[in-house]
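Report on the following structure.
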There are 2 protein chains.
Amino acid sequence: MGVTIHDVARAAGVSVASASRALSGRRKVTPEIAERVARAAAELGYQPNAVAKALRDQTTGTIGMVVPGIGNPFFTTIVEAVERELQNSGTDLLLCASQYSPQVEARRLETLLARRVDGLIISPCDIEASVPAVLDAARRVPLVQVDRYIEGGGADWVGVDDEAGLALAVEHVIAGGARSVVFAGSRLESSSARLRLSGFERTAARAGVEVLPPLLGEFTLEWGVEAGRRLLDAGRLPDAVVCANDEIAVGLVRSLRFGGARVPEDVAVVGFDDVGHATMCDPPLSTVRQPVEEMAAEAVRLLGQVKAGDPRPAQRIAIAPRLVVRQTSRPVAAGVAE
Amino acid sequence: MGVTIHDVARAAGVSVASASRALSGRRKVTPEIAERVARAAAELGYQPNAVAKALRDQTTGTIGMVVPGIGNPFFTTIVEAVERELQNSGTDLLLCASQYSPQVEARRLETLLARRVDGLIISPCDIEASVPAVLDAARRVPLVQVDRYIEGGGADWVGVDDEAGLALAVEHVIAGGARSVVFAGSRLESSSARLRLSGFERTAARAGVEVLPPLLGEFTLEWGVEAGRRLLDAGRLPDAVVCANDEIAVGLVRSLRFGGARVPEDVAVVGFDDVGHATMCDPPLSTVRQPVEEMAAEAVRLLGQVKAGDPRPAQRIAIAPRLVVRQTSRPVAAGVAE
DNA sequence: GAAACTCGGGTAATCGATTACCCAATCGAT
DNA sequence: ATCGATTGGGTAATCGATTACCCGAGTTTC
């Protein structure tokens, strides 16, 4: 079916070695041969077989990326940023979704490794259950974790400083006058979920405000709606709700307003991520912005440095987040208003 | 670096042929050899090299998918549906985004073909500019278009019946009492954009209502906001706006309400797609639902049947859409209420 | 003028898994 | 006991691109 380099060599009347050299330019050939090979290749519509090249070179020019789900805009934003970052390096991205399941995730990693990707970027879905598969993969190819990480620190990571981000959010609502606060987040299956809760608790405790029991569900709009309903049902609203991501925050604002509460007059709401959902919300959401472009750039850079199974101590690169004050919280001097 | 089947064979004390046969089970071996090979493979942590297998078998067990952008929730929904559909068939998906650029799209197709994918699913970004790359790809591997298609009908397609969908939307707002209508859509670069506009115009003309000049921009929330602003600036609002997708509709509702118009009392708004944005909107959006699961299933099924370059006439499978009435339009007897 | 180099081309090995082909051993039938 | 068939194992070809290695012709150097 396909045209091979042998066909090109035959058509040009030279050996395969010359054809290969003429096409790759990795060794000199006479101008005449270069010309004949180029013409033959063009005429036959020759396209090198990347599979054969990969087998011979022991490198595929692809890196694999595994994220929990592409339905979540935060992950698609990261994926796009990584793609942009890889754009001109000649490496392609092989994208997989683990669907928030450690089993699926392990299977995906297996097939990516079988396809001999040159490196992996992963946001492990579960801080504990993802450990064996991720460590195993890291032993075989360069691997960088992004956003989420596995416990124990066996692999490099780049992400946002979650605790600092939550501190910004909590301090902001307190500066706006909040005396009672609550956290609406996700069950503690990921590092992000845990760090955001602990960042919240630590800052709130230090500030001495009243802290209601956290509402932990999923990183989804639906859970935000449900969390809002529970707050309304409880009879007494806190002055502020700090959310673990924007989807939760958007759902929460929706259900609070639906229940008759005014945002931000009765309750201030702050989200986390700032990836599009935030400006779409009504009113626009105050949130903590993740530096997605920097994270992607850093992840790609790190991946280039890492050697598989290198016993070098794992790095953790935490980038500082930034507070973006919009209209679901009362503005104060601090923070950026947009 | 990697453990090969030669290593396994040596460790088990058999030939590579026996090792391969024991592992694949494609020819009988004695139980004793099967046992020794299985043990050796497990001990060495043998993992077959998919690149070598692909070269030898001339098939990679992957299909490529190219969509305009993964930022658009409609495309991520289709991608997820295709992934689910492929789940248990042992084929993996290689996902690429063309970023709405025919050049990028052509490059992506080239690299997918170089990697010898067994098939392609594509939503071509431009009805004209995408033609050569798509036809060329279709000549080399089985290819199915999804949602969008290129003009001229050189390749199979599966999608929603866009014109029928728009007819549903227009008839619905007219049944709700609208006497003047306008279409907010995208510039006519894709088949969807064109068919939705023509479906709108045909139905509106037949019904004899007043039709304002269409607002054509992009399939984005931002364009929806802008379109709403233009309607407000024009001084006189139509009774209903029918949009080419939900993102436009959501943005439009936002800016209409921001400008003081009531939805649906002053203006009815209907979207298209129904992929999550719709329920998130405030108020929840009336829209036309695309049968994404069916489209994905049909695309995968079709891909299995198509042979590359087969001169069989191209098929177009248009699945009927369904109207979902929520709260941005006045309910009438017809349609499904949710 | 011969030894040492350079230049550029061709042959064949290589990557790893699969399998066509060959061969020896065993079995059943006559 | 002999012949054909069956069973199962091993050797080496194969997929396509790259490149180590070799070789001959032409140049340079003393």
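Chain letters run A, B, ... following the sequence lines, proteins first, then strands; residues in each count from 1.
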d([atom1], [X]; [atom2], [N]) in whole Å:
{"X": "L44(A)", "N": "dG16(D)", "atom1": "CG", "atom2": "P", "result": "14 Å"}
{"X": "R116(A)", "N": "dA17(D)", "atom1": "CZ", "atom2": "P", "result": "21 Å"}
{"X": "E32(B)", "N": "dG9(D)", "atom1": "CD", "atom2": "C1'", "result": "13 Å"}
{"X": "R115(B)", "N": "dG16(D)", "atom1": "CZ", "atom2": "P", "result": "18 Å"}
{"X": "Q58(A)", "N": "dA17(D)", "atom1": "CD", "atom2": "P", "result": "17 Å"}
{"X": "N49(A)", "N": "dA17(D)", "atom1": "CG", "atom2": "P", "result": "6 Å"}
{"X": "K53(B)", "N": "dG16(D)", "atom1": "NZ", "atom2": "P", "result": "16 Å"}
{"X": "I5(B)", "N": "dC15(C)", "atom1": "CD1", "atom2": "C1'", "result": "14 Å"}

Does any part of the side chain of L94(A), heavy atoms only, come nearer than 4.5 Å to the side chain of R115(B), both counted from C-beta?
no
Close side-chain approach of D126(A) to Y100(A), heavy-atom, < 4.5 Å:
no
Could you work out which one of [options] sits closest to the side chain of [X]?
{"X": "R27(A)", "options": "dG8(D), dG16(D), dG8(C)", "value": "dG8(C)"}
{"X": "R56(A)", "options": "dT18(D), dG10(D), dC15(D)", "value": "dT18(D)"}
{"X": "S18(A)", "options": "dG9(C), dG9(D), dG16(D)", "value": "dG9(C)"}
{"X": "A52(B)", "options": "dA17(C), dA17(D), dG8(C)", "value": "dA17(C)"}

So what does [X] hit on the nucleic acid, given a heavy-atom distance under 4.0 Å: a base, only sugar-phosphate, or nothing?
{"X": "R21(A)", "answer": "base"}
{"X": "S20(A)", "answer": "base"}
{"X": "S24(B)", "answer": "nothing"}

Sort out the partner of dT30(C) for me: Watson-Crick or G-U wobble, both distances under 3.5 Å, none otherwise.
dA1(D)
Contact under 4.0 Å: T4(B) side-chain N or O vs dG16(C) OP1/OP2:
no
With a 4.0 Å limit, can you tell me whether Y46(B) has a side-chain N or O closer than that to the phosphate oxygens OP1/OP2 of dA17(C)?
yes
Whether the side chain of S130(B) engages the backbone of I127(B) through a donor-acceptor N/O pair (distance < 3.5 Å, no angle test) should be reported.
no
Do R301(A) and E85(A) meet the salt-bridge criterion of a basic N to acidic O distance under 4.0 Å?
no
Do R108(A) and E105(A) sit within salt-bridge range, that is, some charged N less than 4.0 Å from a carboxylate O?
no
Closest-nucleotide mapping onto DNA chain C: is V16(A) or I33(A) further toward the 5' terminus? I mean the 5' end.
I33(A)
